[in-house]
Amino acid sequence: QVQLVESGGGLVQPGGSLRLSCVGSGINFRGWHMAWYRQAPGAQRELVARISTGGSTNYAESVKGRFTISRDNAKNMVFLRMDSLKPEDTAVYYCYAEAAYWGQGTQVTVSS
């Protein structure tokens, strides 16, 4: 049974930073392209960042230069470093093993 578990969300002030983590069980991340998505209230789920099996990365325009996705295949983990956070980054963030498995999500709230 595949399970993805996110952690690291929380409440942070504008301009602050958070690091999200995703750990997988029942799946070997080495063979999967991985991504982070987010969904704000009333909005559709959107791609935030993606990392290929080879380490190539892609980012949504809204987060370029502020967010960094990385992976540690040995630990079966994917990370999302988020800097210079803005209120519009507030959302539930989901880890995704393309194109099959989702985590349960972790809430990120950016507010003063």
Query raised in the report: For the atom pair CZ (Arg19) and CG (Asp83), what is the distance rounded to the nearest 0.5 Å?
Result: 11.5 Å
Query raised in the report: Under a 4.5 Å side-chain heavy-atom rule over Ile, Leu, Val, Met, Phe, Trp and Tyr, are Tyr94 and Trp36 clustered together?
Result: no
Query - Within 6.0 Å of CD in Glu88, more than 12 heavy atoms from elsewhere - result: yes
Requested in this report: State which residues pass ring-ring contact (aromatic ring centres under 6.0 Å, His included) with Tyr96; sequence neighbours excluded, sorted by chain then number.
Outcome: Tyr37, Trp102
Query - Validation row: Gln107, Thr90 side chains within 4.5 angstrom (heavy atoms) - result: yes
Report summary line: dist Thr57:OG1 -> Lys64:NZ (nearest 0.5 Å) comes out at 9.5 Å
Report task. Using modelled atom types only, decide if a donor and an acceptor are shared between the side chain of Arg38 and the backbone of Val108 within a distance under 3.5 Å. Result -> no
Report summary line: CD (Gln3) and CD1 (Ile27) are apart, to the nearest 0.5 Å, by 11.5 Å
Query - Residues Arg30, Thr53; criterion side-chain contact (heavy atoms from CB on, under 4.5 Å); working and verdict - result: CA-CA 6 Å; Arg30 193 177 304 275; Thr53 53; over 6 Å; no
Report task. Mark yes or no for whether Arg66, through its side chain, and Ser84, through its backbone, hold a donor-acceptor pair below 3.5 Å. Result -> yes
Query raised in the report: For residues 49-87, which residue pairs qualify under ring pair (Phe, Tyr, Trp, His ring centres under 6.0 Å), counting only residues two or more places apart or in two chains?
Result: none
Query - 4.5 Å side-chain heavy-atom contact, Leu11 and Ser111 - result: yes
Query raised in the report: Sub-3.5 Å donor-acceptor pair from the side chain of Thr106 to the main-chain atoms of Gly9, do we have one?
Result: yes
Report summary line: Looking only at heavy atoms, the pair that brings Ser112 and Pro14 closest together is N-CD, 3.7 Å
Query raised in the report: For Met82 and Leu20, what are the C-alpha separation, side-chain angles and deciding distance, and is it a side-chain contact (heavy atoms from CB on, under 4.5 Å)?
Result: CA-CA 8 Å; Met82 305 185 294; Leu20 305 184; 3.7 Å; yes
Query raised in the report: Which value, rounded to the nearest 0.5 Å, describes the distance between Thr109 atom OG1 and Gln13 atom CD?
Result: 13.0 Å
Query raised in the report: Within the distance-only criterion (no hydrogens, no angle test), does the side chain of Arg50 pair as donor or acceptor with the backbone N or O of Ile69 below 3.5 angstrom?
Result: no
Requested in this report: State yes or no: do Val12 and Val63 share one hydrophobic cluster built from I, L, V, M, F, W and Y residues joined by side-chain heavy-atom distances below 4.5 Å, directly or via other members?
Outcome: yes
Report summary line: Between the CD atom in Glu98 and the CD1 atom in Ile51, the distance rounded to the nearest 0.5 Å is 11.0 Å
Query raised in the report: Has the side chain of Glu6 got a donor or acceptor atom that lies under 3.5 Å from a matching backbone atom of Cys22?
Result: no
**Report entry** From Leu80 atom CG to Met34 atom CE, the distance as rounded to the nearest 0.5 Å
**Finding:** 12.0 Å
Query raised in the report: Leu18 and Met77: same hydrophobic cluster, using ILVMFWY side-chain contacts below 4.5 Å?
Result: no
Query raised in the report: Where is the tightest heavy-atom contact between Arg71 and Ser52, given as atom of each residue plus distance?
Result: NH1-O, 2.8 Å
Report task. Using the rule that two of Ile, Leu, Val, Met, Phe, Trp, Tyr join whenever any of their side-chain heavy atoms come within less than 4.5 Å, decide whether Val78 and Leu47 are in one cluster. Result -> no
